[in-house]
Amino acid sequence: MELGLVGLGKMGGNMRERIRRAGHTVIGYDRNPDVADVHSLEELVGKLKGPRVVWVMVPAGEPTQSTIDQLAELLEPGDVVVDGGNSRWTDDEKHAEELAAKGIGFVDCGVSGGVWGLENGYALMYGGDAENVAKVQPVFDALKPEGDFGSVHAGKVGAGHFAKMVHNGIEYAMMQAYAEGWELLEKVDSVENVREVFRSWQEGTVIRSWLLDLAVNALDDDEHLEGLRGYAQDSGEGRWTVEAAIDNAVPLPAITASLFARFASRQEDSPQMKMIAALRNQFGGHAVEKK
């Protein structure tokens, strides 16, 4: 089949290559002319035969909204837009309504796989009407990992991005657990080879995972992570997961704590810890460290 792909960054560029390897035609557009196949959305739409499928792979928020607004004016009834970025699920409902008014279908798709997806495949979670999903199915089949799993029609519009959001929230908590365990192992004198302890966990343990494999890769590159600053950004999905938990009265203590730990990482000198130190000094005479 033919696919229009908007956004050819680290993810989008590799996705284009994987879909092409499966025998499909991909026409890609990006603001960077060095990687683009065409130089405008108008040219991209004009090169596709109807019914068209255009996959949007740009940052969430205004870039996605702007792209979908432009496509709404260029596409025709029966065409389908796929949002494969990390959009918030509530935006999906809005985009679906806007496009439906013009007879254009909409599918949201959470995509996981990062820079490894080209060779290993991408885990896909998508939402939308079965009719619209069917028009995109050959591309889903090309992108997914080999085997019976790794791809799911999660439900109606918004379900794909909601599922991906929860996936990323779980990812936050898993990374935090590995990080805390690593710090504790590094702290004690009796454990002399923390990297090899992590490596030993890769086989036969209940905590083995791809994230653990990646942790070992990182320790092989820099055994004590001395070249890194302890600062961790968040891309938004963790916050949205916690907000959704509040809205639905679902307790998420591990995921919430892992998100807050990232916030703490951005403080060179925690104001909260200043107050805690002061209070401990006041009620117990505990020592404080002066600047």
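Note that this is a predicted model, so its numbers are computed, not measured.
The number of heavy atoms from other shown groups lying within 6.0 Å of CD (Glu146) does not exceed 12. Residue-environment remark: CZ (Arg20) exceeds the threshold of 12 foreign heavy atoms within 6.0 Å. When the shell of 6.0 Å around OH of Tyr231 is examined, it contains more than 12 heavy atoms from other residues, nucleotides or ligands.
Here the rule is side-chain hydrogen bond (donor to acceptor under 3.5 Å, both in side chains) with Glu98, and of His95, Lys102, Lys94 only Lys94 fits it. For the side chain to side chain contact (heavy atoms under 4.5 Å, CB included) criterion with Val54, the lone passing option out of Asp79, Thr67, Leu44 is Leu44.
Counting all heavy atoms, side chain and backbone alike, Val191 lies closest to Leu185 at CB-O, 3.9 Å. The shortest non-hydrogen separation linking Ala244 to Trp89 is CB-CH2, 3.9 Å. The two residues Ala96 and Val157 make their nearest non-hydrogen contact at CB-CG1, 3.9 Å. When every heavy atom of Arg18 is checked against every heavy atom of Leu143, the shortest pair comes out as NE-O, 3.1 Å. Contact record, Ala142 with His24: CB-CD2, 3.9 Å, taken as the closest heavy-atom pair. For the residue pair Pro59 and Thr64, the shortest heavy atom distance occurs at O-OG1, 2.7 Å.
Using modelled atom types, one finds no donor on one side chain facing an acceptor on the other under 3.5 Å when comparing Asp91 with Ser87. Between the side chains of Glu237 and Asn86, a donor-acceptor pair is found at a separation under 3.5 Å.
Listed for the His161 side chain is a donor-acceptor partner under 3.5 Å among the backbone atoms of Gly85. Without hydrogens or angle criteria, Ser66 side chain to Glu62 main chain gives no donor-acceptor distance under 3.5 Å. Using modelled atom types, one side-chain atom of Ser258 and one backbone atom of Ile255 make a donor-acceptor pair closer than 3.5 Å. Within the 3.5 Å criterion, the main-chain N or O of His224 finds no donor-acceptor partner in the side chain of Glu186. A distance-only check finds no donor-acceptor pair linking the side chain of Asp129 to the backbone of Glu131 [under 3.5 Å]. Between the Arg208 side chain and the Thr205 main chain, a donor and an acceptor come within less than 3.5 Å of each other. In terms of modelled atom types and a separation under 3.5 Å, the side chain of Arg266 and the main chain of Ala232 share a donor-acceptor contact. Remark: the backbone N or O of Gly105 is not paired with any side-chain donor or acceptor of Asn132 at under 3.5 angstrom. Here the side chain of Ser112 pairs no donor or acceptor atom with the backbone of Ala123 at under 3.5 angstrom.
Atom CG of Asp141 is separated from atom CE of Met1 by 10.5 Å, given to the nearest 0.5 angstrom. Between Arg199 atom CZ and Asn217 atom CG the span is 8.5 Å, to the nearest 0.5 Å. Between atom CZ of residue Arg88 and atom CG of residue Asp108 there is a gap of 14.0 Å, rounded to the nearest 0.5 Å. Rounding to the nearest 0.5 Å places CD of Glu196 at 12.5 Å from CH2 of Trp201. Rounding to the nearest 0.5 Å gives a distance of 7.5 Å between CG of Leu48 and CG of Leu3. How far CG of Asn193 is from CD of Glu223: 6.0 Å, rounded to the nearest 0.5 Å.
Val139 is not listed as a side-chain neighbour of Val53, based on a closest heavy-atom distance of 4.5 Å or more. Looking at Leu124 and Val152, their side chains never come closer than 4.5 Å, going by heavy atoms from C-beta outward. For the pair Asn14/Trp116, no side-chain contact is recorded, criterion being any heavy-atom separation below 4.5 Å from C-beta on. The shortest distance between side-chain heavy atoms of Ile68 and Leu99 falls below 4.5 Å. Two residues are said to be in side-chain contact when any heavy atoms from C-beta on lie closer than 4.5 Å; Met174 and Trp210 fail this criterion. The closest side-chain heavy-atom distance from Ile104 to Val81 is below 4.5 Å.
Placement of Leu8 and Val115 in two distinct hydrophobic clusters is found when ILVMFWY residues are connected by side-chain heavy-atom separations under 4.5 Å, directly or transitively. Under the 4.5 Å side-chain contact rule for hydrophobic residues, Leu71 and Leu5 do not share a cluster. In the hydrophobic clustering of ILVMFWY residues, with side-chain heavy atoms under 4.5 Å counting as a link, Val45 and Val56 come out together. Ile27 and Val136 are assigned to two separate hydrophobic clusters, defined by single-linkage of ILVMFWY side chains at heavy-atom distances under 4.5 Å. Taking hydrophobic clusters as Ile, Leu, Val, Met, Phe, Trp and Tyr residues chained together by side-chain heavy-atom distances below 4.5 Å, Val133 shares a cluster with Ile19.
Contacts of Ser209 classified as side-chain hydrogen bond (donor to acceptor under 3.5 Å, both in side chains), with partners at least two apart in sequence or in another chain: Tyr178. Under the ring-ring contact (aromatic ring centres under 6.0 Å, His included) criterion, Tyr29 pairs with no residue at all, not counting sequence neighbours.
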* Asked: What's the verdict on salt bridge (charged side-chain N to carboxylate O under 4.0 Å, His left out) for Glu76 and Arg52, showing C-alpha distance, side-chain angles and the deciding distance?
  -> CA-CA 8 Å; Glu76 298 175 349; Arg52 305 172 185 85; 3.6 Å; yes
* To do: Please step through side-chain contact (heavy atoms from CB on, under 4.5 Å) for the pair Leu41 and Val6, ending with a clear verdict.
  => CA-CA 8 Å; Leu41 288 178; Val6 182; 3.6 Å; yes
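Taking the charged nitrogens against the carboxylate oxygens, Asp92 and Lys164 have no contact shorter than 4.0 Å, which rules out a salt bridge. Ionic pairing of Arg16 and Asp37 is present here: one or more N-O contacts between side-chain nitrogen and carboxylate oxygen are shorter than 4.0 angstrom. A salt bridge links Arg21 and Glu119; the closest N-O separation between the charged side-chain nitrogens and carboxylate oxygens is under 4.0 Å. Comment: Lys187 does not engage Glu183 in a salt bridge, judged by the lack of any side-chain N to carboxylate O separation of less than 4.0 angstrom.
Cation-pi geometry between Arg262 and Tyr172 is satisfied (NZ or CZ under 6.0 Å from the ring centre, within 45° of the ring normal).
In this pair, Tyr126 and Phe140 present their aromatic rings parallel. The plane angle is below 30°, not in the 30 to 60° band.
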